[in-house]
2 protein chains.
Amino acid sequence: MTAGPRERLVDSAITLIRERGVHATGLTDLLEHSRTARASIYQHFPGGKADLIAEATHAAGRQMDTFVAGVLESGAPLDAIDALLRWLRRTLRDTDFAVGCPVVAAALSGADTTAAREAAASAFRGWQRTLAAAFTREGLPEATAVSLAGFVVSGIEGALVQARAMRSVQPLDDARVQLAALLRGYLGETGSDDQ
Amino acid sequence: MTAGPRERLVDSAITLIRERGVHATGLTDLLEHSRTARASIYQHFPGGKADLIAEATHAAGRQMDTFVAGVLESGAPLDAIDALLRWLRRTLRDTDFAVGCPVVAAALSGADTTAAREAAASAFRGWQRTLAAAFTREGLPEATAVSLAGFVVSGIEGALVQARAMRSVQPLDDARVQLAALLRGYLGETGSDDQ
DNA sequence: CCTCCAGTAGATCGATCGGTCTATGTGGAA
DNA sequence: TTCCACATAGACCGATCGATCTACTGGAGG
């Protein structure tokens, strides 16, 4: 509950960027949402908005990576992917399809925001590494695990974009079914055939 | 070479949105890039920028759908996906990873731009339909074909986002390999094992 | 006590945003 | 030729952008 200005700014940046994208998120919105003084931005992020966005993207990437790693170490990879997709589905519905992935938003923020793009790339690589480690733990060769992990990220992120556009969780459900089929091909028959 | 103001505006909108996103694309950039008078926007798009973006998204969706449908009717689905991924890879490299998918950009343009979001959803549905038709032609059940088609779109779009962020074509190559594995599971062994 | 400084509140800056306006040019139909 | 719809060039509007600035507040450390 301490939540200093810096932490509030990062949290608000993640929230607003998920909803509106980088360029559509103004500092005024950011300050109002985080109940923070304008000067506090430049106190903690000398580079201004660009710095804040980059740090928010890094933070969002770490949060998601922690979540995925947590679910992975207590279950099979497919169950972890399932849990992630279920959580995304619930989040989308709860917010009336208003929120997307902050890392994707940062990745597409344009050519002028190099720091944000690099932060997004770093987050993607982190997720891929975490997933690939789980796949190798299941016996997959290193190269196969890395490729598969990268594609799992692609499939989920793409489904999230489609789901927002269509205002439907169907793309996430399709991703669940198809990723299950793909993983079954690599890892053989394993659970996760619930409803 | 006729290329009236309306056509030039739509083409420029597609180009600039691919690079910068909707909100980061200003009317001034648009007019300069399309060499068009400011008033011409409101002549052809009474709703202003929002109308133009929506029409550009529709046009981009149709163009891509035509491309995909063309490649699909002269080859197996996997070969068509291969051709699409190869084209995306070359485009990314030729532009130094500056361009993405205009439909994705429109889909993430925010809550205020409803028309653009709907245009993006329409484009996604069109691609899914086109792909699903090809899969049913190969003998897949309707429901399976639709689900698989939706996921193929997700996987490709997600790979494109990752590729831009990382400035690497690796995600597209991963998508190729994994989509091939997935389709092989449904359709059995079919060509496309070149390098 | 006083000092110091992160935090707050808000005025203000130049630049740019999307949109509207006038003036002028142009090419085809009546 | 006359006419008119369209295209162009560019000034202009209020609003908002990111960023800088001053003035004030409150609590920790000497």
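Since we're looking at a predicted model, the values are computed, not measured. Order of the sequence lines fixes the chain letters, A, B, ..., with proteins taken first and strands second; residue numbering starts at 1 for each chain.
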**Message:** side-chain contact (heavy atoms from CB on, under 4.5 Å), that's the test. Do B:I81 and B:V68 meet it? Break it down for me.
**Reply:** CA-CA 8 Å; B:I81 293 172; B:V68 173; over 6 Å; no
What's the closest nucleotide to the [X] side chain, out of [options]?
| X | options | answer |
| --- | --- | --- |
| B:D29 | D:dA19, D:dC6, C:dC17 | C:dC17 |
| B:A37 | C:dC17, D:dC6, D:dT8 | D:dT8 |
| B:A39 | D:dT8, D:dA19, C:dT8 | D:dT8 |

**Request:** Report yes if a donor N or O on one partner sits less than 3.5 Å from an acceptor N or O on the other, where the partners are the side chain of A:R6 and the base of C:dG7; otherwise report no.
**Result:** no
**Distance-only donor-acceptor check, side chains B:Q170 and B:D174, under 3.5 Å** = yes
**B:T36 versus B:R8, side-chain donor and acceptor atoms under 3.5 Å** = yes
Respond yes when some side-chain nitrogen or oxygen of [X] is under 4.0 Å from OP1 or OP2 of [N], and no when none is.
| X | N | result |
| --- | --- | --- |
| A:S40 | C:dT8 | yes |
| B:T36 | D:dT8 | no |
| B:H44 | D:dA7 | yes |
| A:R38 | D:dC17 | no |

**Prompt:** Rounded to the nearest Å, what distance is computed from the CD atom of residue B:Q43 to the P atom of nucleotide C:dG19?
**Reply:** 16 Å
**Message:** Salt bridge check, A:R38 against A:E32: does any charged N sit closer than 4.0 Å to a carboxylate O?
**Reply:** no
